[in-house]
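All remarks here apply to the structure that follows.
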Amino acid sequence: MSMSLERQIERLNPPQREAVTAPGQTALVVAGAGSGKTRVLTHRIAWLIEVERAAPQEILAVTFTNKAAAEMRERIGELLHMSPRGLWVGTFHGIAHRLLRAHWREAGLPETFQILDSDDQQRLIKRLLRELGDDTTKPAAVAAFINARKDEGQRARHIDTQGFADRERLAELYRRYEAACERGGMVDFGELLLRSNELWVQQPALRDHYRRRFRHILVDEFQDTNTLQYAWLRNLAGPDTSLFAVGDDDQSIYGWRGARVENMREFERQFPDVKVIRLEQNYRSTGTILSAANALIANNRERLGKNLWSDAGSGEPIRLYAAYNEQDEARFVVEQIEAWAAAGNPRGEVAILYRSNAQSRAFEEQLMARRIRYRVYGGQRFFDRAEIRDALAYLRLVANPNDDTAFERVVNQPPRGIGDKTLETLREEARASGLSLWAVLTRLLEGGGLPGRAASALGGFAKLIGELRAAGNGQPLMDQVTCAVEASGLKAHYAKDPDGRGEGRVENLDELVNAASLFVNEDAELDPLTAFLSHAALEAGDAQGEAGADCVQLMTLHSAKGLEFRQVFLVGVEEGLFPSQRSVEEPARLEEERRLAYVGITRARERLFITYAESRRIHGETRPAMASRFIEEIPAEHLTEVRLRGTVDRPVGARPAGGAGRGAYSGGGFGGGGYGNRDWRSERNAGRGNDFARPAAPPRRESAWGTPPKAAEGAGGLEVGQRVRHGKFGEGVITDFEGQGPRTRVQVKFAGAGSKWLMLDMAGLTPA
DNA sequence: GAATGGTGTAGGTGA
DNA sequence: TACACCATTC
């Protein structure tokens with residue numbers, strides 16, 4: 001053992017060390033949030049190589065996200081001071097894809113098969129429905145059905161329709177969808193896994209080859225495996241394979257994608273000699289944050305059971321902010337971030353976590369207005385943009401002209417005079433002959449029988465694709481991409497700015513060329529174009545915004561899993577949004593939402609804010625909202641309210657201490673305009689828990705930072721009760737101050753515009 | 001065949 | 001709000 005690895009392993013705590021050095025066939029590591037899960041996995045791999053003398057090519061490590069795979073690879077490299085050759089680290093999808101590329105013949109695929117993403121998939125289904133004259137079935141519902149069946153390992157022929165007409169219908173669509181994919185050499189995400197699992201089942205010799213090769217299989221985020229992934233693992237693991245699974249049932253958040261937490265229990269049952277190791281010491285968060293997370297997750301019934309602990313201090317209370325609406329919420333968060341940065345803290349250690357991507361908008365606007373750099377993960381990804389997908393479709397046709405999905409996308413993009421009528425002829429012909437659209441097109445052009453105008457338009461398209469294919473032969477990838485973007489007329493088309501976004505789209509197309517020039521094909525077996533297209537499908541592109549820079553991180557709770565930040569804002573924590581409306585009706589889904597909240601809370605190392613808005617605009621409609629039940633599930637002693645609607649901070653549960661505060665809390669209902677007048681706890685819980693029974697603590701007058709604000713002095717000679725004039729809002733009376741120095745904020749009750757908090761420096765108030 | 005405007009609708013997470 | 005889809009017009 002090298003000294004450094006030995007020392008590294010000595011530094012682990014006993015259960016971590018036990019996991020890393022566990023002998024025997026199977027181990028299940030139940031690893032709580034922040035308990036050093038990735039550390040265990042990477043040390044385990046280093047230990048296998050250095051101590052157990054395993055060859056790197058005997059090790060397979062599977063993760064769920066590309067980000068996790070990249071991190072694991074990097075950390076193994078650091079531990080071993082080199083990048084081990086032959087070690088397989090990747091996502092389930094990435095590894096399945098690699099297998100299918102290597103064994104396309106055995107898998108019954110054409111060598112040039114292309115990957116269908118969910119958008120392609122829906123378009124294909126839409127086409128199938130149109131063929132059937134079905135305009136009532138929703139493509140999304142069909143896609144969901146097919147994907148769910150694939151997640152369960154079922155093909156169309158396996159489906160037991162039990163005489164139910166709708167199920168029969170869906171099964172029929174699945175059959176047609178399978179046929180269409182088969183014809184075009186197209187493989188969707190689920191198919192990657194399904195087919196590679198069938199490879200194990202139908203090609204035992206091949207399976208045995210990999211069983212002999214991969215003596216060690218390690219699985220990350222095991223709680224998120226679905227039926228098919230689990231079957232795939234069980235098939236690959238032979239009697240001599242050592243299977244090392246790491247997971248946390250409390251962080252299972254992909255049920256909607258078929259994940260089965262039950263697989264953890266199943267694993268224990270099916271491998272009787274499995275060694276179960278629990279990692280419960282948390283090294284990440286303060287005691288307060290952990291207690292809050294523990295209390296929240298205790299409301300779930302279906303748990304393996306574990307309790308995180310930490311020997312770190314309790315730290316600050318969790319701050320709760322009730323915003324008036326989503327703009328106020330964003331403004332509050334961004335102000336907090338400004339203060340954090342002003343105090344010399346890195347912005348890159350701040351994350352804003354939300355339930356859904358659409359929520360990023362208000363925060364982006366505020367951050368942009370205040371010129372704070374930020375980075376948004378997820379959402380509209382680079383490879384999902386319309387113009388990029390167009391360009392990729394041309395490239396897909398170059399790689400495989402039978403790819404009907406790509407054909408349909410660009411046959412008339414940019415418009416070249418090929419309309420519905422002409423396309424319908426093609427489609428019909430294709431249906432009748434079982435050929436691809438491209439094959440039919442070639443045949444029709446040769447045989448004549450097309451109206452002159454259509455023939456020349458189609459001829460132009462065929463010529464273009466032919467030229468792209470010829471030009472691409474042996475050319476560097478970048479030249480192929482340039483050619484597809486330019487010769488297709490795509491760039492010129494978008495440059496004409498058909499929708500007011502032309503400039504950005506042209507930039508994106510240039511960026512695609514740039515991406516191609518930087519692309520490194522790591523699989524020598526694969527031609528660069530196919531490798532690039534697969535990369536585009538499997539890794540949806542990097543986050544938007546400035547990479548590497550010290551930026552605030554914006555992402556969904558789902559993409560935050562596995563990450564940690566010194567300061568976290570958990571925003572939009574409202575009933576109907578988080579937990580989402582539909583999940584409220586189903587206990588299992590509600591529990592998954594709660595696990596998502598648990599994931600969010602446990603991302604924070606030092607400081608956690610939870611915010612919600614009392615009024616939120618959804619689908620262009622403003623609706624009242626109320627605090628999420630998850631807030632109520634956090635013990636009140638861990639929460640401190642921040643400046644609830646113009647009053648001072650107070651510990652949650654404390655009664656307002658009269659004076660100006662009282663009015664703000666009295667009264668019921670919400671959505672009544674102006675700053676709200678409702679206690680943050682909903683009626684149903686008032687008087688239930690002991691939160692309200694505790695003796696009321698005196699309201700603490702403090703800013704969010706715990707620094708007592710100075711009163712009027714230092715605030716430009718203004719004081720409470722003074723009449724002032726504002727450029728936009730007119731005349732008003734100062735009712736409160738908060739903060740000090742450049743962060744001083746002042747509350748003014750305006751005659752015509754209600755009560756507002758203003759940054760003193762910015763507001764330009766003059767005595768009236 | 002292409003462009004434009006109006007209408008209706010909306011679940012949200014991701015490889 | 002934002003986008004997809006349809007009907008109308010050029």
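Naming: A, B, ... by sequence-line order, numbering from 1 per chain. What's counted below: heavy atoms across the whole structure, side chains too, no hydrogens, waters or symmetry copies.
- In this structure, A:Arg617 atom CZ and C:dA2 atom C1' are separated by 12 Å, rounded to whole Å.
- Pair check for C:dC6 finds B:dG5; Watson-Crick or G-U wobble, both atom distances under 3.5 Å.
- A cation-pi arrangement, defined by a distance under 6.0 Å to the six-membered ring centre and an angle within 45 degrees of its axis, is present between A:Lys67 and A:Tyr377.
- A:Arg257 has no carboxylate O lying under 4.0 Å from a charged side-chain N of A:Asp224, or vice versa, which leaves the two without a salt bridge.
- Taking the ring centre of A:Phe382 as origin, the terminal cationic atom of A:Arg385 falls outside the region bounded by 6.0 Å and 45° from the ring axis.
- Residues meeting the salt bridge (Lys or Arg N to Asp or Glu O under 4.0 Å) test with A:Glu408, sequence neighbours left out: A:Arg127, A:Arg427.
- Atom CG of A:Asp420 and atom C1' of B:dA3 are 15 Å apart (whole Å).
- Inter-residue side-chain proximity for A:Leu563 and A:Met555 is flagged as met; some heavy-atom pair is nearer than 4.5 Å.
- Taking atom NZ on A:Lys496 and atom P on B:dA3, their separation rounds to 7 Å, with Å as the unit.
- As judged by a 4.0 angstrom heavy-atom cut-off over every strand, A:Asp117 is placed among residues making no nucleic acid contact.
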Report task. Summarise how protein sits on nucleotides 9-15 of chain B as a single string, 5' to 3': B when a protein heavy atom is under 4.0 Å from the base, S for sugar-phosphate-only contact, - for no contact. Result -> -BBBBBB
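- Note on A:Lys126: only backbone sugar-phosphate atoms sit closer than 4.0 angstrom, heavy atoms only; bases stay farther off.
- Of the nucleotides present, none pairs with B:dG12 by Watson-Crick or G-U wobble criteria with both distances under 3.5 Å.
- Residue-level contact check: A:Thr422 touches the backbone only, with heavy atoms under 4.0 Å from sugar-phosphate atoms and none from bases.
- Remark: P of C:dT1 and CD of A:Gln359 are 18 Å apart, rounded to the nearest angstrom.
- Each of A:Leu490, A:Asp390, A:Leu464, A:Leu392 was checked for a side-chain contact (heavy atoms from CB on, under 4.5 Å) with A:Val410, and the lone residue meeting it is A:Asp390.
- Only the P atoms considered, B:dT13 is 15 Å distant from C:dA4, to the nearest whole Å.
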